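Here is the structure we will look at.
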Number of protein chains: 2
Amino acid sequence: MSVSANSKTEQHLTERLSTSGFRFTPHRQHVYDVILNKRDHPTAEDVFIRTKKTMPEISHATVYNCLDALVKCGLVRQVQLERGATRFCPNMEEHCHYFCDNCGEVFDVALRTDSALMPRPPGFKVDHYDIAVHGLCAECAAKSKK
Amino acid sequence: MSVSANSKTEQHLTERLSTSGFRFTPHRQHVYDVILNKRDHPTAEDVFIRTKKTMPEISHATVYNCLDALVKCGLVRQVQLERGATRFCPNMEEHCHYFCDNCGEVFDVALRTDSALMPRPPGFKVDHYDIAVHGLCAECAAKSKK
DNA sequence: GTCAAGATTTAGAATAGTTCTAAATCGAAG
DNA sequence: CTTCGATTTAGAACTATTCTAAATCTTGAC
């Protein structure tokens, strides 16, 4: 299993790109594959390094461009968990991020509550929810007690 | 009404700082006052500019240091809403941020749901919730229809 | 097929946001 | 009043992101 192993995914990518006015390109495909293959909420820099493995000539700016295109066409989410680099996540289900402030690990947890019921400022048109829970993962919580 | 108008607040600040092992300093007081006085979720740079008005000699690094101290002693929250600068918020109630992706305005809305009931990874020790809702504010939503 | 127009990619420069460093200063405890 | 650690400073350094101009590629019109 490697780049473009899944032609269904590729189909989907092409479709989503074009409905948002973007072209399908090999660069966008590789970047998307990288994000799908290791879902550890990589930064743009991480994605750059990983994409270089199968596509050594790709440039920094292109990775940002591809990531922005993927975000705009709804295949990838941006996640801001700390000061510093933005991370990227291909899980488009409603879910929240449990973030360990000590070791930096991120856990996805599906959202059960009906977020549409949350009170909101009058007239506000919701696009998406961005829920982060900060704290310590089980491992770090155990260590910090010692 | 100006810097240190409220001695109760100052008392509170001194207390909170010292229980976290920090000293009370005029710089920290000014920075905290700036954040309390205009609650528009300023960036560190905004805080720097505003603090300079009453304390022209303050340096960039000190603003970051003061903000970090205030965050560590639980008087101020960091908020990550977009790529780029972190914002700061003195509202320590459980609340979420409605963020207009078009004009950048931020609205605080108190949280009603009991977040303690949310499912979480086993063993995860929650420190705080960070809930952002992206979309368009009433004004921008109206404009975008035209 | 050929060409023009527009989209994409590139390297590298530029900018923004944050952290680091070493020296100077301050303040509390003895 | 001395000492030690905390705080502050200016500015350098570093990290993350965006911009720029030129080159390349794709698509659609002919």
Side-chain angles (χ1 to χ4, degrees), chain A residues 10 13-32 34 41-52 54-73 76-89 101 104, chain B residues 13-32 34 41-52 54-73 75-89 101 104:
Chain A
E10 190 175 318
L13 172 60
T14 308
E15 239 174 74
R16 284 304 198 87
L17 283 169
S18 72
T19 60
S20 300
F22 293 106
R23 290 194 188 144
F24 172 89
T25 73
H27 297 85
R28 288 174 178 158
Q29 185 197 353
H30 278 244
V31 165
Y32 189 42
V34 158
H41 305 82
T43 64
E45 182 66 20
D46 294 333
V47 173
F48 175 63
I49 291 166
R50 293 177 196 174
T51 307
K52 262 179 123 52
T54 53
M55 191 173 243
E57 79 284 8
I58 199 170
S59 81
H60 234 122
T62 300
V63 169
Y64 277 96
N65 158 3
C66 292
L67 289 169
D68 285 347
L70 293 170
V71 168
K72 279 189 190 126
C73 71
V76 166
R77 296 175 50 173
Q78 290 186 63
V79 186
Q80 312 285 154
L81 293 169
E82 314 164 89
R83 230 133 80 169
T86 300
R87 293 146 174 269
F88 295 86
C89 168
D101 288 314
Chain B
L13 172 59
T14 307
E15 238 174 74
R16 284 304 198 87
L17 283 170
S18 72
T19 59
S20 300
F22 293 105
R23 289 194 190 144
F24 171 89
T25 73
H27 296 86
R28 287 174 178 159
Q29 185 196 354
H30 278 244
V31 165
Y32 188 42
V34 158
H41 305 82
T43 63
E45 183 66 22
D46 295 332
V47 173
F48 175 62
I49 291 166
R50 293 177 196 173
T51 306
K52 262 180 122 52
T54 53
M55 191 173 244
E57 80 284 9
I58 198 169
S59 82
H60 234 121
T62 300
V63 170
Y64 277 96
N65 158 3
C66 291
L67 289 169
D68 286 347
L70 293 169
V71 168
K72 280 189 189 126
C73 71
L75 288 169
V76 166
R77 297 175 49 172
Q78 290 187 61
V79 185
Q80 311 286 153
L81 293 169
E82 313 164 89
R83 230 134 78 170
T86 300
R87 293 147 174 270
F88 295 87
C89 168
D101 288 314

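Order of the sequence lines fixes the chain letters, A, B, ..., with proteins taken first and strands second; residue numbering starts at 1 for each chain. Everything numeric in this text was worked out from a predicted model, so none of it was measured.
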- Message: Below 4.0 Å from chain B heavy atoms, what is the first contacting nucleotide of DNA chain C and what is the last?
- Response: C:dG17 to C:dG27
- The bend of the helix from C:dG1-D:dC30 to C:dG30-D:dC1, taken between the axes of its five terminal pairs at each end and rounded to 10°, is 30°
- Query: Okay, side chain of A:Arg28, backbone of A:Arg23: is any donor-acceptor separation there less than 3.5 Å?
  - Reply: yes
- Item | Residues which pass ring pair (Phe, Tyr, Trp, His ring centres under 6.0 Å) with A:Phe22, listed by chain and number, not counting sequence neighbours | none
- Query: At their closest point, which heavy atom of B:Leu17 faces which heavy atom of B:Cys73, and how far apart are they?
  - Reply: CD2-SG, 4.0 Å
- Message: I need the minimum non-hydrogen distance between A:Leu13 and A:Phe24, along with the two atoms involved.
- Response: CD2-CE1, 3.9 Å
- Message: Looking at D:dT17, I'd like to know if its phosphate oxygens (OP1 or OP2) sit under 4.0 Å from a side-chain N or O belonging to A:Thr86.
- Response: yes
- Message: So B:Ala85, base contact, sugar-phosphate only, or nothing? Heavy-atom distance under 4.0 Å.
- Response: sugar-phosphate
- Task: Could you please spell out the steps behind the side chain to side chain contact (heavy atoms under 4.5 Å, CB included) verdict for A:His41 and A:Arg77?
- Result: CA-CA 10 Å; A:His41 305 82; A:Arg77 296 175 50 173; over 6 Å; no
- Query: Roughly how far, to the nearest 0.5 Å, is OG1 of B:Thr51 from CD of B:Glu57?
  - Reply: 10.5 Å
- Task: Carefully, step by step, assess B:Ile58 and B:His30 under the rule side chain to side chain contact (heavy atoms under 4.5 Å, CB included).
- Result: CA-CA 10 Å; B:Ile58 198 169; B:His30 278 244; 5.9 Å; no
- Describe the nucleic acid contact of A:Glu45 in one word from base, sugar-phosphate, nothing, applying a heavy-atom distance below 4.0 Å. nothing
- Message: For a quick test of reading the model, state the closest non-hydrogen atom pair linking B:Ala44 to B:Val63 and the distance between them.
- Response: O-CG1, 3.8 Å
- Task: To the nearest 0.5 Å, tell me how far A:Thr86 OG1 sits from B:Gln80 CD.
- Result: 8.5 Å
- Task: Mind jotting down which residue pairs meet the salt bridge (charged side-chain N to carboxylate O under 4.0 Å, His left out) criterion with at least one end in residues 43-52 of chain A? Sequence neighbours excluded, please.
- Result: A:Asp40-A:Arg50
- Message: Which residues in residues 15-28 of chain B have a heavy atom closer than 4.0 Å to any atom of DNA chain D?
- Response: B:Phe22, B:Arg23, B:Thr25, B:His27, B:Arg28
- Query: Which ones in residues 64-72 of chain B lie close to DNA chain D, meaning a heavy atom under 4.0 Å from one of its atoms?
  - Reply: B:Asn65
- Shortest non-hydrogen separation from B:Phe88 to B:Thr43 and the atoms involved: CD1-C, 4.4 Å
- Query: Does the pair B:Tyr64 and A:Arg83 meet the rule for a side chain to side chain contact (heavy atoms under 4.5 Å, CB included), with working shown?
  - Reply: CA-CA 12 Å; B:Tyr64 277 96; A:Arg83 230 133 80 169; 4.1 Å; yes
- Step by step, work out the side-chain hydrogen bond (donor to acceptor under 3.5 Å, both in side chains) result for B:Thr62 and B:His27. CA-CA 8 Å; B:Thr62 300; B:His27 296 86; 5.7 Å; no
